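When a residue number appears, it is its place in the shown sequence, counting from 1. Quantities reported herein were computed from a predicted structural model and do not represent experimental measurements.
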Amino acid sequence: MTRRGWTLVVSGSLFLIFVVLGLVVPVPFVAISPGPTYDTLGRDAAGNPVIQVAGHQTFQTTGELRMTTVSLHDGVTLFQGLGFWASGRYALAPREEYFKPGETNEQVKQENIQQLQDSQTNAQVAALRKLGYPIKVLAKQIVSGSPADHVLAPGDKLITVNGKKIVEAADVRAALAGTLPGQTVQITFQSDGQPERTVPLTLASRPDRKEGFIGLTAVDRADAPFNVTISLQDVGGPSAGLMFTLAIIDRLQPGDLAGGRHIAGTGEITETGEVDPIGGISFKVVGAREAGATDFLVPEHNCAEAKTTAPGGLNLIKVSTLDDALAQLANLKAGRPTASC
């Protein structure tokens, strides 16, 4: 074979190898795009109401309070990545920003599911607190080997710590202010179905704090005589918290928050009603508009990014708390101006 022939064979082989690698070998990037949206006042894929209430009257609503998501595409090959980038609908990001080293897709999925469950719990607490229902403080986790270990259990209701009444989770840490390791304090708690107990605990030490250490994390929970559940599958992450909270309030009191409008939004909610920023806002506003939303509730710290990609016809409304969101929905319903990003 001539040198020209060998050159063609080698070049063709290298090109074929490049094509095969580009088609089958993943690159260290993920593709992100607008994901599906879900009306929290509507029904899930199985036909069940997203917000379900047992033991309490619910009220009719109109319009939509739509939560938004982003889609994450892993295992992207070189040619797929180029196609995603060229489409203008996707963005490519380093895989390490979404997957820890050695972490599998299944592990990420489980983390997202846990975040969703936490956001649903926070939404229930924030909504029922806003509606005036009492809050109880429960032990969530007990640190192995700590003073609380083998004394309290997850789910125990905390009543007093060091002589101070526990009204919300933050009170537990506050009750220990000024204490020292080795000091003994009294803690009153109640296990499910049992009478209250008061026991002494000798405080331990931790390198990250000067005061004594009990060894538990506390959480707020609504103490209401009815049950609220949220039914939504194949969704993960914490960013639906605000929209879950608004939907629960809308179901439990008359007034119709959406007022017939197609409203979308996002934002992580805390148990006390603060709205925290989230990721992927630039994709969520696009997905919301494609789903027919005309108004979008944006966490205040996401406003700058949202404005750069918001499609025409979508009114961006700035919120930083649950009270903000309720006030802005009232403005929309009454035809008053809203707080813009």
Inset, instruction - In sequence, state the C-alpha distance, the side-chain angles, and the governing distance for T294 and L314, and then conclude on side chain to side chain contact (heavy atoms under 4.5 Å, CB included). - result: CA-CA 5 Å; T294 54; L314 188 64; 5.6 Å; no
Legend entry - Test side chain to side chain contact (heavy atoms under 4.5 Å, CB included) applied to D44 and S231, step by step: CA-CA 7 Å; D44 63 11; S231 173; 2.5 Å; yes
Inset, instruction - Go through the steps for L203 and L176 under the test side chain to side chain contact (heavy atoms under 4.5 Å, CB included), then give the verdict. - result: CA-CA 9 Å; L203 300 177; L176 298 176; 4.3 Å; yes
Inset, instruction - Check the pair K130 / D323 against salt bridge (charged side-chain N to carboxylate O under 4.0 Å, His left out), numbers first and verdict last. - result: CA-CA 9 Å; K130 180 62 183 176; D323 286 344; 2.7 Å; yes
Legend entry - side-chain hydrogen bond (donor to acceptor under 3.5 Å, both in side chains) evaluation trace for S239 with K284: CA-CA 11 Å; S239 63; K284 292 179 178 181; 2.8 Å; yes
Inset, instruction - Could you walk me through whether V125 and V219 pass side chain to side chain contact (heavy atoms under 4.5 Å, CB included), step by step? - result: CA-CA 10 Å; V125 174; V219 291; over 6 Å; no
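Between the side chain of R289 and the backbone N or O of G312, at least one donor-acceptor pair lies under 3.5 Å. No donor-acceptor distance shorter than 3.5 angstrom exists from the side chain of E290 to the backbone of G287, with no hydrogens or angles considered. Side-chain N or O atoms of T121 include one that pairs as donor or acceptor with a backbone N or O of Q117 at under 3.5 Å. When atom types are taken as modelled, the side chain of N162 and the backbone of V185 share no donor-acceptor pair closer than 3.5 angstrom. Listed for the T270 side chain is a donor-acceptor partner under 3.5 Å among the backbone atoms of G273. For D171 (side chain) and E168 (main-chain N/O), a donor-acceptor pair under 3.5 Å exists by modelled atom type.
In summary, R173 and E211 engage in a salt bridge, as defined by a charged side-chain N under 4.0 Å from a carboxylate O. Ion pairing of D220 with K136 is absent here, as no side-chain N (NZ or NE/NH1/NH2) approaches a carboxylate O to less than 4.0 Å. Here K157 does not pair with E196 in a salt bridge; the nearest charged N to carboxylate O distance is not below 4.0 Å.
Taken together through direct or relayed side-chain contacts under 4.5 Å among Ile, Leu, Val, Met, Phe, Trp and Tyr, L131 and I51 form part of one hydrophobic cluster. If you chain together hydrophobic residues whose side chains sit under 4.5 Å apart, L297 and V285 never meet in one group. In this structure, L116 is a member of the same hydrophobic cluster as I269, with clusters built from ILVMFWY side-chain heavy atoms closer than 4.5 Å. No path of Ile, Leu, Val, Met, Phe, Trp and Tyr side chains, each step under 4.5 Å between heavy atoms, connects F296 with I317, placing them in separate hydrophobic clusters. With hydrophobic clusters built from ILVMFWY side chains whose heavy atoms lie under 4.5 angstrom apart, I281 does not share a cluster with I32.
Within the 4.5 Å cutoff, no side-chain heavy atoms of T184 are placed close to those of L201. Here the side chains of I187 and V199 are in contact, with some heavy-atom distance below 4.5 Å. L158 is listed as a side-chain neighbour of V172, based on a closest heavy-atom distance under 4.5 Å. At a threshold of 4.5 Å between non-hydrogen side-chain atoms, the residues I214 and V161 count as touching. Q115 has its side chain out of reach of D118: every pair of non-hydrogen atoms, C-beta onward, lies at least 4.5 Å apart. Looking only at side-chain heavy atoms (C-beta outward), P147 and T202 stay at 4.5 Å or farther from each other. Between T69 and Y38, some side-chain heavy-atom pair lies under the 4.5 Å cut-off. Within the 4.5 Å cutoff, the side chain of S340 has no heavy atoms near those of the C303 side chain.
Atom CG of N48 and atom CD1 of I230 lie 13.5 Å apart (nearest 0.5 Å). D276 contributes atom CG, which lies 11.0 Å from atom OG1 of T266 (distance to the nearest 0.5 angstrom). Taken to the nearest 0.5 Å, the OG1 atom of T40 stands 8.5 Å off from the CE atom of M67. Distance CG/D250 to CD/Q60: 10.5 Å, rounded to 0.5 Å. Within the model, atoms SG of C341 and CD of E305 stand 11.0 Å from one another, a figure rounded to the nearest 0.5 Å. Here the straight-line distance linking atom NE2 of H150 with atom OG of S144 works out to 6.5 Å at 0.5 Å rounding.
In terms of heavy-atom proximity, I249 sits nearest to L257 at CG2-CD1, 4.2 Å. The shortest non-hydrogen separation linking V50 to R43 is CG2-C, 3.8 Å. Shortest non-hydrogen contact noted between G63 and D39 is O-OD2, 4.1 Å. The minimum heavy-atom distance linking T68 with A264 is given by the pair CG2-CB, 4.2 Å. Nearest heavy-atom pair, R129 versus E271, reported as atom, atom and distance to 0.1 Å: NE-O, 3.2 Å. Residues V143 and F213 come closest through the heavy atom pair CG2-CZ, 4.1 Å.
Among D156, I159, I166, L216, the single residue meeting the side-chain contact (heavy atoms from CB on, under 4.5 Å) criterion with F189 is D156. Exactly one of L332, L329, L316 qualifies for a side-chain contact (heavy atoms from CB on, under 4.5 Å) with D295. That residue is L332.
No hydrogens or angles considered: a donor-acceptor pair under 3.5 Å links the side chains of T62 and D256. Residues T338 and N331 bring no donor and acceptor atom of their side chains to less than 3.5 Å of each other. A side-chain donor-acceptor contact under 3.5 Å links T272 and E274. Side-chain atoms of T198 and T188 include a donor-acceptor pair closer than 3.5 Å. Side-chain contact check for Q328 and D324: no donor-acceptor pair (N or O, by modelled atom type) lies under 3.5 Å. A donor-acceptor contact closer than 3.5 angstrom is absent between the side chains of R251 and T58.
Around atom NZ of K164, more than 12 heavy atoms belonging to other residues, nucleotides or ligands sit under 6.0 Å away.
Classification of the H56-Y133 ring pair by plane angle, with boundaries at 30° and 60°, yields perpendicular.
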